[in-house]
Engineer: 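Have a look at this one.
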Number of protein chains: 2
Amino acid sequence: MTNPVYIRIVEDIKHKINNGSLKPSDAVPSENALCKEYGASRMTIRKGLSVLAKDGYIYSIPGKGSFVRMPELNKYTIFYDEMKNSINTVDQSRLLEVTIIMPDEKLAGELQTTRNKNVVVIRRLFYTEGKPIAYDIKYLLYSKGMPIVEKEIEQATFPEIISGSMSAFSLKKELTIYAQIPDKEIKNHLNIYDELALLVVEQKIYNEDNKPMGLCVTYFRGDYIKLKGNSE
Amino acid sequence: MTNPVYIRIVEDIKHKINNGSLKPSDAVPSENALCKEYGASRMTIRKGLSVLAKDGYIYSIPGKGSFVRMPELNKYTIFYDEMKNSINTVDQSRLLEVTIIMPDEKLAGELQTTRNKNVVVIRRLFYTEGKPIAYDIKYLLYSKGMPIVEKEIEQATFPEIISGSMSAFSLKKELTIYAQIPDKEIKNHLNIYDELALLVVEQKIYNEDNKPMGLCVTYFRGDYIKLKGNSE
DNA sequence: AAGTGGTCTAGACCACCAC
DNA sequence: TGGTGGTCTAGACCACTTT
């Protein structure tokens, strides 16, 4: 069970970077030098270097060489889904309303459209063990072929609803996370009587031409959600 | 300015996936078939497929073929740094305290250590335009070579402090985000007199052996921070 | 001119899978 | 057994950077 040559190259160089013998912006030995060092062909060395580049360890400049990359200390990956979180899972959702409106100035701006376009509004409540834990509002630009079927809406997440009418690969998404105090309407929906903070998550979905397709705002009870992310 | 052959392959297949003629779990044509289709050698075709794999469009199973991947609808990337956010930047930070303590049960558990180990505690306040907007507590497992220099601490972010004493590449990090109501101590520090929600961000940093190196909890005034993330 | 990385070829052998 | 992807070679030409 000996490893392929290119994997050995990857491990060796990762090791040198991790123990400090290769530091950020240092040059990695040239491809020809590595060919001799490992007695391998250049394509094999390049395979190893491409893995290191893919993993964010090095970058290459044509005509100059390959260099150790500055690590991205503040990059995190987060898997967000309004129906699931790391404390609880939504086990029931209730559809409050599906309507079609003309957007006001602010919403039209958010969706980069005009006030005379149709916008589908979906309001839902999410429950965990019978208790309402989140209030959810979605605004979708109405497009042909969009199936507004109540049953589907009740269970689907925001990207799922949007991707029903188009390929999901070309979607671009933005997430905005903040905290605020609930207003009266939300207090009513979520049965909040005391002081309690809300975690608010906004999702905005764009098509491949960077045109907004929809906006989704979810107001979570602060005591019922934690978002988790990690590096790698 | 004709593109390399492997780029044409990448673009063609991405296009087929985006317009739906190749759907998730569909098989991509075999490497030999693509060789004939593009009149290219197998290594060139493989280069194209490896780019598609790196970008998350396809995956390969030895002996079977390459297949279109199910898109990750809920994956986001977020760049978090306790000193910067999308509303404001911290333009001043004040060091409240640097002490060495023995952790209580809860903290010892969080740091996966015992109660007789030394833990460095750093408390800071972050300001924007003279106003306190965040209260920050860091707990670091004390290790040799850790430079506890007040001047450095005052300006450095959490990963920067940790990476001072070790290579930053092998660090693993976890982020936890939630909302809560401030207690009296935090209200005092942040000059909060009314009802106001806090956005709390916890960072936990592990070394390459998955041992926790430190914990950082930052309490932001809800009206002074929004975290942003996006797909891609 | 010499060295670097980027693209590409036409072969080869292997392990794995399905028939 | 034939097809698939995984690894690897020993060359080649190119554009770019450095000396």
Side-chain angles (χ1 to χ4, degrees), chain A residues 1-17 21-72 169, chain B residues 1-17 21-72 169:
Chain A
M1 68 142 278
T2 79
N3 275 337
V5 180
Y6 78 90
I7 295 286
R8 285 213 297 279
I9 298 169
V10 170
E11 286 172 350
D12 287 354
I13 294 185
K14 276 190 184 177
H15 214 254
K16 283 177 186 165
I17 291 175
S21 52
L22 278 174
K23 282 180 278 293
S25 84
D26 279 0
V28 172
S30 79
E31 296 178 356
N32 281 321
L34 291 169
C35 286
K36 284 170 194 157
E37 183 178 339
Y38 287 90
S41 80
R42 208 178 135 219
M43 287 305 264
T44 300
I45 267 63
R46 283 180 62 74
K47 168 76 175 172
L49 295 182
S50 83
V51 171
L52 289 165
K54 185 195 69 176
D55 291 353
Y57 283 81
I58 66 169
Y59 61 94
S60 298
I61 302 179
K64 297 190 74 175
S66 295
F67 304 89
V68 177
R69 191 186 289 281
M70 195 62 197
E72 300 206 80
F169 270 101
Chain B
M1 67 140 276
T2 79
N3 275 338
V5 179
Y6 79 90
I7 295 286
R8 285 213 297 278
I9 298 169
V10 170
E11 286 172 349
D12 287 355
I13 294 185
K14 277 191 183 177
H15 214 253
K16 282 176 185 163
I17 292 175
S21 50
L22 278 174
K23 282 181 277 294
S25 84
D26 279 0
V28 172
S30 78
E31 296 179 357
N32 282 320
L34 291 169
C35 286
K36 284 170 193 156
E37 183 179 338
Y38 287 90
S41 81
R42 204 176 138 222
M43 287 305 264
T44 299
I45 267 64
R46 282 180 62 74
K47 168 76 175 171
L49 295 182
S50 83
V51 170
L52 289 165
K54 186 196 69 175
D55 291 354
Y57 284 81
I58 66 170
Y59 61 94
S60 299
I61 302 179
K64 297 191 74 174
S66 294
F67 304 89
V68 178
R69 191 185 286 283
M70 195 62 195
E72 299 205 81
F169 270 102

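Residue numbers begin at 1 in each chain, while the letters A, B, ... track the order of the sequences.
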Engineer: Can you tell me the distance, in whole Å, between the OH atom of Tyr59(B) and the C1' atom of dT4(D)?
Structural biologist: 15 Å

Engineer: Which pair of non-hydrogen atoms, one from Pro24(B) and one from Met70(B), has the smallest distance, and what is that distance?
Structural biologist: CB-SD, 3.8 Å

Engineer: With nearest nucleotides of DNA chain C determined for Ser66(A) and Met43(A) from heavy-atom distances, which residue corresponds to the more 5′ nucleotide?
Structural biologist: Ser66(A)

Engineer: Look at the side-chain N and O atoms of Lys64(B) and state whether any lies under 4.0 Å from the OP1 or OP2 oxygen of dA18(C).
Structural biologist: yes

Engineer: As a test of reading the structure: which of dT7(D), dC8(C), dT7(C) is closest to the side chain of Arg46(B), going by heavy atoms?
Structural biologist: dT7(D)

Engineer: Could you identify the nucleotide paired to dC8(D), looking across every strand shown and requiring Watson-Crick or G-U wobble geometry with both distances under 3.5 Å?
Structural biologist: dG11(C)

Engineer: Under a 4.5 Å cut-off applied to non-hydrogen side-chain atoms, are Ile13(B) and Tyr57(B) in contact?
Structural biologist: no

Engineer: Closest approach of Leu49(A) and Ser66(A), non-hydrogen atoms and distance?
Structural biologist: CD1-OG, 4.3 Å

Engineer: Need to verify one output field. Residue with the more 5' nearest nucleotide on DNA chain D, Ile7(A) or Gly63(B)?
Structural biologist: Gly63(B)

Engineer: Measure across Val68(A) and Tyr59(A) and return the closest heavy-atom pair with its distance rounded to 0.1 Å.
Structural biologist: O-CE2, 3.8 Å

Engineer: Side chain of Ser60(B) only, please: which of dC8(C), dG6(D), dT7(D) is the nearest?
Structural biologist: dG6(D)

Engineer: Between C1' on dT4(D) and CG on Leu49(B), what's the gap in Å once rounded to a whole number?
Structural biologist: 12 Å

Engineer: Heavy atoms only, 4.0 Å cut-off, all strands: where does Gly48(B) land among base, sugar-phosphate and nothing?
Structural biologist: nothing

Engineer: What integer distance in Å separates Glu31(B):CD from dC16(C):P?
Structural biologist: 17 Å

Engineer: I want to confirm an ordering. Mapping Pro62(A) and Val5(A) to their closest nucleotides on DNA chain D, which one lands closer to the 5' end?
Structural biologist: Val5(A)

Engineer: Could you please name the option among dC8(D), dT4(D), dG5(C) that lies closest to any side-chain atom of Ser30(B)?
Structural biologist: dT4(D)

Engineer: Compare the minimum distances between each of dT9(D), dT4(D), dT7(C) and the side chain of Asn32(B), then state the nucleotide with the smallest one.
Structural biologist: dT4(D)

Engineer: Of the candidate nucleotides dA12(C), dG5(C), dT4(D), which contains the atom at the shortest distance from the side chain of Arg42(A)?
Structural biologist: dG5(C)

Engineer: Starting at CD1 of Ile45(A) and ending at P of dG6(C), how long is that distance when rounded to a whole Å?
Structural biologist: 14 Å

Engineer: Please report the distance, rounded to the nearest Å, between CD1 in Ile58(B) and C1' in dG6(D).
Structural biologist: 14 Å

Engineer: Picking from dT17(D), dG6(D), dC8(C), which would you name as closest to the side chain of Ser41(B)?
Structural biologist: dC8(C)

Engineer: Starting from C1' on dG5(C), measure out to NZ on Lys47(A) and report it in whole angstrom.
Structural biologist: 18 Å

Engineer: What integer distance in Å separates Tyr38(B):OH from dT7(C):P?
Structural biologist: 17 Å

Engineer: Should Thr44(B) and Tyr38(B) count as side-chain neighbours, where that means a heavy-atom distance under 4.5 Å?
Structural biologist: no

Engineer: Measure CG/Asn3(A) against C1'/dC8(D) and give the value in whole Å, please.
Structural biologist: 15 Å

Engineer: Measuring from Ile9(A):CD1 to Glu37(A):CD, what's the distance to the nearest 0.5 Å?
Structural biologist: 8.5 Å

Engineer: Tell me whether the OP1 or OP2 atom of dT7(D) has a side-chain N or O from Tyr6(A) closer than 4.0 Å.
Structural biologist: yes

